[in-house]
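Protein chains get the first letters and strands the later ones, always in sequence-line order, with residue 1 at the start of each. Heavy atoms only: backbone and side chains are in, while hydrogens, waters and symmetry mates are out.
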Amino acid sequence: MAELKMTGIAKSYGDVSVLEDINLDIKTGELIVFVGPSGCGKSTLLRMVAGLEKITAGELEIDGVVVNNIPPAERGIAMVFQSYALYPHMTVRENMAFALKLAKKPKAEIEAAVAKAAKILQLEDYLDRLPKALSGGQRQRVAIGRSIVRDPKVYLFDEPLSNLDAALRVATRIEIAQLKESMPESTMIYVTHDQVEAMTLATRIVVLANKGIAQVGTPLDLYERPENEFVARFIGSPAMNLWPGEVIATGPQTRVKLADGCEAISDVPTSEGDIGLKVNVGVRPEDLRATENTPVFTGTVDFTELLGEVTQIYFDATSGDPVIAKLPGIVHGLRGTQIRLTAAPDKVHLFADGRSLLYR
Amino acid sequence: MHPALQGILTILVGVGGCVGYFYLSNQFLDKVLCPPRGKNAGRNINRANIIRPWLFLLPALLALGTYLAYPVYETLRLSLTERSTLPDGSTAYAWAGLDNYRQMLNEPKFWEALRNNAMWLAVVPALATGFGLLAAQLTDRLKWGNIAKSLIFMPMAISFVGAAVIFKLVYDMRPIEQEQIGILNALYLNFGGEAPIAWLTVPFWNNFFLMAVLVWIQTGFAMVILSAALRGIPEETIEAAIVDGANPFQVFFKIKVPQIKGTIMVVWTTITIVVLKVFDIVFAMTNGQWETQVLANYMYDKLFRSNDWGVGSASAMVIMLLVTPILVWNVRNARREMK
């Protein structure tokens with residue numbers, strides 16, 4: 001039950017600036033996911049919320065109180081670490097009770113809180129074990145339990161699933177989603193570099209890049225209406241294809257002339273003055289389909305990947321930045337053939353100078 | 001021959017001998033004893049594999065046998081016999097049973113040594129480990145922490161006798177009309193003491209002045225080992241404790257110390273063993289006078305000053321009996337740490 005407000009938050013280590021001018025409002029009950037490439041500062045931002053890193057500039061408010069100089073324990077936050085960070089010399093019970101013991105809570109209250117958390121996380125049979133006698137998934141649940149016990153205003157998760165194997169990751173992801181559902185009033189901030197985690201868990205995603213926020217929005221917002229080329233290519237896998245072109249017709253729909261006599265039609269509206277504008281046309285691999293008419297792209301397939309549910313075809317596979325298309329089902333014998341591809345106008349994105357024309 | 005040449009020659013012969021031994025003995029095993037050829041090739045290979053570890057162990061076993069096992073046996077034998085010099089100059093050994101031990105137990109000096117050793121045991125390992133832990137923790141986050149660490153570690157490089165000489169100067173006393181060169185007396189007079197004190201002759205307390213020397217030396221050792229252990233603690237457990245609301249003292253005592261408990265015990269017991277064997281410091285500073293006797297110095301007194309090989313060996317056996325259980329426990333602990 002907490003609102004969080006970041007105003008102009010910045011972080012620098014000496015002369016090296018890591019984050020600049022972060023502004024963000026988080027409402028009660030949201031699960032905000034920070035994503036971004038390695039080194040974009042997402043963990044640093046989370047650690048600033050936790051109070052483990054000093055805030056260089058700007059203000060961080062939790063429930064209207066500026067907490068910049070309040071120690072972590074008094075901010076009403078709880079954090080789940082990537083490596084679980086369980087105290088190895090304490091049993092599961094002691095691990096979960098540690099914070100409450102430090103707060104000098106009455107014994108009965110501590111026991112009740114631990115019992116409740118253990119029940120939610122199905123850890124009742126393991127309360128007297130040491131962390132080393134637990135599996136990875138169980139350890140992660142203890143780490144989450146340690147947070148639940150404290151009943152914090154804000155839960156912070158720092159890449160909590162990245163130390164788990166693939167199968168366990170999916171299971172734990174669902175557990176976290178269910179945990180969030182069972183506590184609709186709790187506010188959570190979750191850091192990950194895994195898109196699937198971001199898309200499935202988040203109420204809103206914050207994409208961090210180049211020391212700042214690239215876009216904030218619901219998962220589908222980010223997928224369907226990326227604000228810039230960075231978000232467009234960061235969300236979705238494989239990344240969105242981009243082709244340079246020039247606007248030749250404007251109106252509610254825009255026509256763009258591409259190289260090799262290709263043309264694209266987009267639902268993004270433009271005005272008269274945009275004629276001749278240099279743009280990048282973006283189409284996601286899954287939105288491309290074969291056509292007999294004027295294509296958006298044409299080329300010779302030089303590599304295919306049969307994944308069963310889809311077939312991924314590559315053009316210029318060796319160029320480092322290949323054009324990729326995703327066709328449904330299993331399609332044999334495409335290698336070496338000439339293919340013409342197009343996309344529905346509502347799936348064609350337009351960017352000028354890296355910014356989407358939708359957000360002008 | 002020039003001593004340097006002699007040294008180099010010794011090294012060459014020693015290293016060459018080792019290499020030669022391993023090479024030739026293995027050649028002998030493979031070529032002569034169990035050649036992997038002929039109709040028994042398989043059996044020979046298996047046999048060679050069984051014998052080979054012993055080839056490598058043999059030098060160590062021989063050295064340990066000669067310089068460790070045999071002396072223990074010989075000391076035990078001497079402690080049960082009486083050695084006397086006959087008129088013609090030769091020595092004779094007579095079975096004495098437990099007489100040497102009985103005599104030793106009747107000597108007040110032995111009990112004094114035992115009591116002092118017990119005090120050393122209670123004080124030195126605790127203080128050295130405690131100071132070491134404190135130094136390790138306090139220097140960890142400092143910019144000049146490494147300089148501080150080097151300074152604290154430096155006494156480790158000084159021999160016990162050297163350290164004893166340094167501290168003898170610290171405790172030195174000059175007549176009151178002269179300038180004091182001992183810093184302890186200088187401070188004592190400066191802060192209102194009336195007359196300089198010969199610190200090392202003050203019974204009971206002088207033990208602690210001797211212990212200070214060993215604490216001074218061993219703190220560096222404890223600090224280095226514990227500092228490495230502290231750095232091995234996962235940073236995230238400390239951060240988790242901070243988020244959980246632990247203050248620096250609670251982080252230290254409830255999160256850090258429990259996680260390095262094993263290392264602390266190894267350091268503690270290692271210093272304990274050093275303490276049980278302590279000799280040089282007492283020998284060089286008081287030689288056991290003024291009620292500062294310890295077991296090792298007592299043994300030396302008996303064995304080499306009084307030429308009483310029986311009682312001297314008996315006291316050596318007592319020291320060994322005291323050290324052994326701690327040593328066994330220490331080795332076990334160290335092994336567990338390594339796992």
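- At a 4.5 Å heavy-atom cutoff, A:R75 makes no contact with chain B through either its backbone or its side chain.
- A:A143 does not touch chain B: none of its heavy atoms, backbone or side chain, sits under 4.5 Å away.
- Contact of A:I77 with chain B is made through backbone and side chain together, with heavy-atom distances under 4.5 Å.
- Between chain B and the residues A:M90, A:R47, A:E74, the most heavy-atom pairs under 4.5 angstrom are made by A:R47.
- A donor-acceptor pair under 3.5 Å is formed between the side chain of B:Q250 and the backbone N or O of B:N247.
- Counting heavy-atom pairs under 4.5 Å between each of A:G51, A:S147, A:S83, A:A50 and chain B puts A:S83 at the top.
- Checked for salt-bridge contact, A:K5 and A:E61 miss the test: no charged N lies under 4.0 Å from a carboxylate O.
- A:K54 places no side-chain N or O within 3.5 Å of a backbone atom of A:N69 that could act as its donor or acceptor partner.
- No donor-acceptor contact under 3.5 angstrom links the side chains of B:N116 and B:Y298, judged on distance only.
- Both the backbone and the side chain of B:E239 come within contact range of chain A, each with at least one heavy atom under 4.5 Å from a heavy atom of that chain.
- Side-chain contact between B:V278 and B:L210 is absent, with no heavy atoms from C-beta onward closer than 4.5 Å.
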